Amino acid sequence: MNSPARAVSPLPSPTTARATLERVAANLSLAVQGKEKEVRLAVTCVAAGGHLLLEDVPGVGKTTLVEAIARSFALSFSRVQFTADLMPADILGAQVFHAQSATFNFRPGPIFRQLVLADELNRAPPRTQSALLEAMAQGQVSLDGATHVLPRPFTVVATQNPVDFSGTYPLPDSQLDRFLMRLSLGHPSPEVEARLLTTRDASSPIEAIQSVTSPEELADLRMQVAAQRLDDTVAEYVVRLAQATRAHGDIERGASTRAVLALGMAARAHALWEARDFVTPGDVRAVLGPCLAHRLLLRSANQGAYTRDEATHLLEEVSRKVPAPR
């Protein structure tokens with residue numbers, strides 16, 4: 001399945017790109033209130049062309065945020081509820097036999113959308129979780145010797161409950177490494193919860209979300225992110241940060257090369273919030289935790305929120321010790 005070709009348009013200027021990012025973030029805040037920092041990071045991740053993992057307890061707005069992202073960018077959308085009995089064909093699609101023509105035809109699965117919500121991804125067994133790997137890495141699906149290209153732009157946003165919840169399977173490292181960022185929304189402040197109690201009616205907050213940009217503009221935005229300038233000194237800084245995680249005594253396995261590339265791309269997208277066409281060390285530090293914390297294997301071998309917090313703490317320590325270029 002191929003997306004129709006479209007005319008190549010000039011890249012948006014950093015000022016235009018920032019306006020788009022701010023417009024989307026303001027739109028998302030209509031549905032997810034009191035989470036401006038997390039919303040901004042989620043928009044940064046999507047603009048960078050990355051896949052996003054939302055890890056948190058149920059009921060804090062993960063699914064609402066994802067649906068709001070799809071609406072804001074006017075992306076085709078599908079939601080897959082991962083369960084213990086879900087099979088790879090339920091996600092990817094399958095060859096279906098047509099008796100009249102005595103032929104097999106491919107029936108696309110729900111992954112053939114521009115934004116796919118893999119809800120509670122860690123409730124499915126590893127075999128089914130792995131069905132997403134090729135789609136996330138290469139934007140295609142290979143079945144029965146045929147390759148099917150996914151729509152563009154393509155993004156997977158997965159949610160997962162903490163791994164100490166019953167009925168969950170830890171995501172394999174190879175899959176975690178394919179998420180550009182992992183974010184946690186957390187509970188809103190008491191003030192925001194009180195405001196929700198007094199202002200929210202019976203309608204879903206999603207109903208208030210209208211599209212404020214288009215898939216074509218998102219594609220152009222991603223091209224602008226890829227064109228952002230990352231000087232040699234900043235690139236060396238990114239690598240030194242990664243090397244510091246690999247040499248840290250409390251970290252069993254540090255950042256991979258894929259993680260280095262992801263950090264660079266996220267930093268490029270972050271620079272657009274300041275309407276810059278170049279990356280600073282501050283951009284790198286702003287996305288360091290969301291990009292790397294879920295990729296580290298700690299020697300403590302604990303699981304769940306404790307590990308996430310500990311990895312973030314170690315990255316903050318690393319960023320303090322590694323000198324930034326001036």
Side-chain angles (χ1 to χ4, degrees), residues 28 32 35-58 60-66 69 82 115-124 126 129-130 132-133 135-137 155-165 168-187 238 241-242 245 251-267 269-270 284-298 300 302-316 318-319:
L28 297 179
V32 182
K35 295 295 174 185
E36 287 76 13
K37 177 183 176 182
E38 291 78 8
V39 163
R40 181 172 163 138
L41 285 169
V43 175
T44 302
C45 181
V46 174
H51 306 293
L52 175 63
L53 178 61
L54 296 173
E55 180 185 83
D56 221 318
V57 297
V60 294
K62 301 189 295 296
T63 303
T64 299
L65 175 61
V66 183
I69 291 172
F82 278 66
L115 194 152
V116 178
L117 168 57
D119 208 7
E120 297 188 295
L121 177 60
N122 60 338
R123 288 201 177 278
Q129 293 176 5
S130 299
L132 293 176
L133 286 178
M136 295 173 66
T155 301
V156 171
V157 183
T159 71
Q160 72 165 352
N161 298 323
V163 293
D164 49 355
F165 272 41
T168 60
Y169 300 83
L171 296 183
D173 294 341
S174 59
Q175 186 153 51
L176 281 174
D177 206 29
R178 283 172 169 79
F179 286 103
L180 187 80
M181 287 187 188
R182 180 180 65 176
L183 300 176
S184 175
L185 291 179
H187 295 288
V238 172
L241 288 169
T245 67
I251 300 176
E252 177 73 25
R253 185 176 61 246
S256 67
T257 301
R258 182 185 288 122
V260 170
L261 299 174
L263 182 57
M265 191 60 73
H270 190 273
V284 176
R285 288 192 295 270
V287 295
L288 182 65
C291 283
L292 297 195
H294 61 291
R295 305 169 191 264
L296 305 182
L297 178 62
L298 307 187
S300 59
N302 289 305
Q303 299 291 335
Y306 177 80
T307 299
R308 181 185 63 220
D309 294 343
E310 184 178 357
T312 301
H313 173 75
L314 292 176
L315 286 169
E316 291 170 352
V318 164
S319 69

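Not measured: the values here are computed from a predicted model.
- Evaluation of the side chain to side chain contact (heavy atoms under 4.5 Å, CB included) rule for His313 yields Glu316 as partners, not counting sequence neighbours.
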Worksheet entry | Trace of the side-chain contact (heavy atoms from CB on, under 4.5 Å) decision for Leu180 with His51 | CA-CA 5 Å; Leu180 187 80; His51 306 293; 5.8 Å; no
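- Minimum heavy-atom separation, Leu288 to Leu315: CD2-O, 3.8 Å.
- Closest approach of Val39 and Leu65 over heavy atoms only: CG2-CD1, 4.3 Å.
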Item to complete: Apply side-chain contact (heavy atoms from CB on, under 4.5 Å) to Leu132 and Leu121, showing your working.
Response: CA-CA 10 Å; Leu132 293 176; Leu121 177 60; 3.8 Å; yes
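- Residues satisfying the side chain to side chain donor-acceptor pair (under 3.5 Å) criterion with Ser256, sequence neighbours excluded, are Asp177.
- Under the rule for a side chain to side chain contact (heavy atoms under 4.5 Å, CB included), the partners of Leu133 that lie at least two apart in sequence or sit in another chain are Ser130, Ser174, Gln175, Arg178.
- Between Ala124 and Gln129 the shortest heavy-atom distance is O-NE2, 2.8 Å.
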Discussion item. side-chain contact (heavy atoms from CB on, under 4.5 Å) for Asp119 and Val66? Distances and angles first, verdict last.
Written reply: CA-CA 10 Å; Asp119 208 7; Val66 183; over 6 Å; no
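- A pairwise comparison of heavy atoms in Leu171 and Phe179 identifies CD1-CE1, 4.4 Å as the closest pair.
- Residues Val287 and Leu263 have side chains in contact (heavy-atom distance under 4.5 Å, counting atoms from C-beta outward).
- Exactly one residue among Val46, Leu117, Thr155 makes a side chain to side chain contact (heavy atoms under 4.5 Å, CB included) with Ile69. That residue is Val46.
- In plain terms, the two heavy atoms of Met265 and Ala48 that are nearest each other are CG-O, 3.4 Å.
- Counting only distance, with no hydrogens or angles, the side chain of Lys62 and the backbone of Val57 share a donor-acceptor pair below 3.5 Å.
- Distance SG/Cys291 to CG/Leu241: 11.5 Å, rounded to 0.5 Å.
- Take Ala286 and apply the side chain to side chain contact (heavy atoms under 4.5 Å, CB included) test, not counting sequence neighbours, and it matches His270.
- Heavy-atom minimum distance, Leu183 versus Ala42: CD1-N, 3.7 Å.
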Item to complete: For side-chain contact (heavy atoms from CB on, under 4.5 Å), just list the numbers for Arg253 and Asp173, CA-CA rounded to whole Å, side-chain angles, deciding distance to a tenth of an Å, and then say yes or no.
Response: CA-CA 11 Å; Arg253 185 176 61 246; Asp173 294 341; 2.4 Å; yes
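- At least one donor-acceptor pair under 3.5 Å links the side chain of Lys35 to the backbone N or O of His187.
- Looking at residues two or more places apart in sequence or on another chain, you find no salt bridge (charged side-chain N to carboxylate O under 4.0 Å, His left out) involving Glu38.
- Every residue meeting the side chain to side chain contact (heavy atoms under 4.5 Å, CB included) condition with Thr64, not counting sequence neighbours, appears here in chain and number order: Ala31, Val32, Pro205, Ile206.
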